Amino acid sequence: MGTVPASNLRNFTILGHSGSGKTTLTDAIAFKLGLNDRLGSVDAGTSISDTNDEEKSRKISIFANSFMGNYKAGDTEYRLAFIDTPGAPDFYGAVRGAVRASDAIVIAVDAASGIEAGTIRAWHTCKAYGVSTVAFVVTGLDKENTDFLATVAAIREHFGTGCCPLTVPAADGVANILDMGEVPAELEESYTALAESAAESSEELMNKYFEEGTLSADEIRGGLRDAVASGSTHPIYVVKALQGDGVDAFLSSVCRLFPAPGARKFADKDGNEVKADAAAPFVAQVWRTAIDTFVGQLSYIRVLSGTITPGMALQNNTTGSKETASSLLQVFGRKQVPVESAGPGEIVAIPKFKDVHTGDTLCAVGTATVMPDIDYPQPVMLMSVHAKTQADEDKLGTAMKRLSDSDPTLHFVKDEETKEIVMKGLGDVHIDVAVALMKLQSNVNVDLTVPKVAYRETVTGKGEGHYRHKKQTGGHGQFGEVYLRVMPKAEGEEEWFVDKTVGGSIPGNFMPAVQKGLMEGLLKGAVAGYPVQGVKVEVYDGSFHPVDSSEVAFKIASSRAFREAMAQAKPTLLEPIMTVKITIPDTYMGAITGDLNHRRGRVLGMEMDDGMQVVTAEVPMAELFQYPAQLRSLTGSRGSFEMELARYDVVPGNISQKIVAARQDELKIEDE
Ligand SMILES: Nc1nc2c(ncn2[C@@H]2O[C@H](COP(=O)(O)OP(=O)(O)O)[C@@H](O)[C@H]2O)c(=O)[nH]1
Ligand SMILES: [Mg+2]
């Protein structure tokens, strides 16, 4: 692969709904670029992109796989750097990384399915993350009952009339409208739209367009470049990937119309532009970290500025570590192709860094640039992880670290209240795949259970408690007496403990012991032994013995008195309540709100946002563990949701009884 000047580099990422043909398109492009000696197939398990065992068996993409290859358009040699991404929302983390690394986005649209939730999500992603150059590839046109112009109309309806077909199905495959000579009547409107966009790019073309009413194909081509770079025109292409039709037309157009690195502006954390200059000091950002069975950790970088070569000394400006780029690689499954150098816009994988994570900025030594973090979606699916055997338990830590190092959307958290290890991810498929990858990468087997809810307890009334601890053991006795009351702590009140004793009824030096006894009591409440919150304790009287009183005696007395007071103060169970934001197409409103009712949810509001309904509701955590799967089945994968802890609230009586009964069994087992 000979080198090309940075101005001849084209970098893009393929996004789209799951199953829209992104990987199949990737295989067709890779084959055309000579990266594979045969055309890979998702269905046959031979794709150049879906090479992980999990991807092959599920026939879905899980990772964002990058490719580079040279392509000749006309007499000019270009280099293409492109990324195939997963479409399922469960793997959206990979998309966020890929989008950070790309100058342009190509959205795949299956003509048989039309515009889907994943298509709209892809479009929003381009807008949200500042990628202006967006094109569409219509796939699936070899399927029955598909119609290219109908698909074009749907794209224009959703994403505006700036979306114009550039290549179209023709008798002998696929043709470029601008190369057709005679434009067929049904495409005249498209041709005019292209001419108009091109005319906008310069005064000269605009004048010519006004005078002659049209522009030549060459004039349009010249003018379109700016329109595509700025995002006022979005080319629509046709590729029949399985037949190999339209791949050349698509790639030559990408080379001629898509902008070179530099058109998409990258700014560092302080807002300074990082210029796509091959001769400037080296700056790159890690957009993906992979775990390879053979080489271990692989860090995928996008070069933003400067040029990297094997052996180069680097500094990680995010962690401060000093690193060396041992080698630069292109990785397709088990195949690794060394690369001699990489400049702006190029994507390479570097093995075996010491301390490098996704999102980190790698620079030439002495360069201080730090790029903004890549922002990732928050987890919505929680499951508790249990090692199957002691051998699995021993390796669990390593397995979890490997996984979470390579997937910024997967988190493992030890819940201090329930003592469980909770795996948090973006959906049930994400969690399933994580379990399979633990086995694949680290040979660790785990079982999953629905997490225990971290209930709490509080009081809703006042309660009095008294305990007199008196014991005579041999000569020296034990004595301590405490009177206290318990009540709800008012909102905003700081102190939970108030010493209201007078006249030294409990000497000051024993007060810390009294408090200690209370704190022990707070850890295990009166209802079902959950931690207590939101209570205030006033110790108002007591007595002591000059010889027999001790810290232990007062600790025992206060904790017993506390237990008595709690029981009287109308104790109740509290549960975590989450604020959820559910985004769905309007048609599913009824199904979603009905389902929320069954989950003890309370709808707080609904609003339209970009053609989607956004429902905000409060739902108890306990009712949300299976929600990602439920939302998927209710909406056919068209919905998404976010959640965050809103507060703790009282558990209704009937439900509380069930929780208490279950908890009593649990505590019994713990005691045995
Ligand atoms: N008939 C037909 N099938 C396609 C086409 N593109 C993809 N497929 C099939 O659709 C399924 C999903 O394709 P894939 O490329 O994995 O979609 P992705 O999820 O977007 O990567 C596979 O069975 C492909 O063989 C196409 O243009 N025509
Ligand atoms: Mg795929």
Side-chain angles (χ1 to χ4, degrees), residues 1-16 22 25-26 29-30 32-33 35 49 64-73 76-85 94-108 122 125-126 129-137 225 228-231 234-235 237 250-267 273-278 280 282-288 300-308 328-332 339 341-350 362 371 374:
M1 192 166 74
T3 51
V4 303
S7 56
N8 286 357
L9 195 109
R10 299 292 178 265
N11 162 317
F12 63 92
T13 284
I14 307 171
L15 300 185
K22 298 178 291 299
L25 175 65
T26 297
I29 300 171
K32 190 62 88 180
L33 300 185
L35 300 179
S49 185
N65 293 311
S66 57
F67 304 88
M68 279 207 303
N70 284 9
Y71 184 77
K72 226 169 176 179
T76 313
E77 179 108 342
Y78 291 87
R79 177 166 297 172
L80 298 170
F82 67 103
I83 307 175
D84 175 30
T85 63
V95 168
R96 291 271 172 97
V99 169
R100 172 59 66 88
S102 50
D103 290 325
I105 300 290
V106 169
I107 302 178
T125 300
C126 301
Y129 296 96
V131 184
S132 317
T133 306
V134 182
F136 295 88
V137 167
R225 220 168 280 140
V228 170
S230 69
H234 303 289
Y237 300 101
F250 166 63
L251 293 180
S252 353
S253 181
V254 164
C255 291
R256 292 185 169 124
L257 289 186
F258 278 29
R264 178 181 179 188
K265 303 274 179 255
F266 286 92
E273 190 186 342
V274 180
K275 289 228 168 69
D277 175 357
F282 176 74
V283 180
Q285 187 165 28
V286 180
W287 61 274
R288 175 188 176 194
Y300 286 76
I301 59 163
R302 143 132 194 174
V303 181
L304 293 159
S305 191
T307 304
I308 186 172
L328 310 181
L329 300 171
Q330 273 213 77
V331 183
F332 326 131
V339 178
S341 74
E346 292 192 88
I347 287 169
V348 287
I350 303 176
L362 294 169
M371 297 303 292
I374 301 170

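Any value given below was found using the heavy atoms of this structure, including those in side chains, with hydrogens, waters and symmetry copies removed. These numbers come from a predicted model, not from an experiment.
Taken from CG in Leu251 to NZ in Lys32, the straight-line distance is 8.0 Å, to the nearest 0.5 Å. The distance from the CD1 atom of Ile105 to the OG1 atom of Thr13 is 5.0 Å, given to the nearest 0.5 Å. Distance CG/Leu33 to CG/Asn70: 8.0 Å, rounded to 0.5 Å. With rounding to the nearest 0.5 angstrom, the CZ atom of Phe332 is 10.0 Å from the CG atom of Asn65. Between the CG atom of Asn11 and the CD atom of Glu346 there is a distance of 9.5 Å, given to the nearest 0.5 Å. Tyr71 contributes atom OH, which lies 11.0 Å from atom CD of Glu77 (distance to the nearest 0.5 angstrom).
For the pair Gln330 (side chain) and Ala349 (backbone), a donor-acceptor distance under 3.5 Å is absent. Although no hydrogens or angles enter the test, the distance criterion places a donor-acceptor pair under 3.5 Å between the side chain of Arg10 and the main chain of Cys255. One N or O on the side chain of Arg264 and one on the backbone of Ser102 form a donor-acceptor pair closer than 3.5 Å. Distance alone, capped at 3.5 Å, is enough to place a donor-acceptor pair between the Thr133 side chain and the Val228 backbone. Side chain of His234 to main chain of Ala135: no donor-acceptor pair is present (N/O by atom type, distance under 3.5 Å, no hydrogens or angles). Between the side chain of Lys22 and the main chain of Gly16, a donor-acceptor pair closer than 3.5 Å is present.
Contact check for Lys265 versus Val274: no side-chain heavy atoms found under the 4.5 Å cut-off. Under the 4.5 Å side-chain criterion, counting only non-hydrogen atoms from C-beta, Tyr300 is in contact with Ser66. Contact check for Met371 versus Leu304: side-chain heavy atoms found under the 4.5 Å cut-off.
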Next item on the list: Walk me through it: do Leu329 and Ile350 pass the test side chain to side chain contact (heavy atoms under 4.5 Å, CB included)?
Entry: CA-CA 6 Å; Leu329 300 171; Ile350 303 176; over 6 Å; no

Next item on the list: Applying side chain to side chain contact (heavy atoms under 4.5 Å, CB included), run through Ser305 and Phe266 and close with a yes or a no.
Entry: CA-CA 10 Å; Ser305 191; Phe266 286 92; over 6 Å; no

Notebook entry, point to check: Passes side chain to side chain contact (heavy atoms under 4.5 Å, CB included), Phe136 versus Val106? Steps please.
Noted result: CA-CA 5 Å; Phe136 295 88; Val106 169; over 6 Å; no

Notebook entry, point to check: Which is it for Phe82 and Phe12 under the ring pair (Phe, Tyr, Trp, His ring centres under 6.0 Å) test, yes or no, and what are the steps along the way?
Noted result: CA-CA 5 Å; Phe82 67 103; Phe12 63 92; 5.5 Å; yes

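Leu35 and Gly69 get closest at one heavy-atom pair: CD2-CA, 4.3 Å. The minimum heavy-atom distance between Gly306 and Pro344, with the atom names listed, is O-CD, 3.3 Å. Residue Pro261 comes nearest to Ala6 through the heavy atom pair CD-O, 3.6 Å, listed as atom of the first residue, atom of the second, then distance. Closest approach of Ser132 and Ala229 over heavy atoms only: CB-O, 3.4 Å. Looking at every heavy atom in both residues, Thr307 comes nearest to Ser341 through CG2-CB, 4.2 Å. Annotation for Ile308 and Leu328: closest pair O-CD1, 3.6 Å, computed over non-hydrogen atoms.
With no hydrogens or angles considered, a side-chain donor-acceptor pair links Tyr237 and Ser253 at under 3.5 Å. Counting only N and O atoms by type, the side chains of Arg96 and Tyr129 include a donor and acceptor under 3.5 Å apart.
For the side-chain contact (heavy atoms from CB on, under 4.5 Å) with Ile83, the lone residue among Ile14, Ile347, Val99 that qualifies is Ile347.
Using a 4.0 Å cut-off between a side-chain N of Lys or Arg and a carboxylate O of Asp or Glu, Asp103 and Arg302 qualify as a salt bridge.
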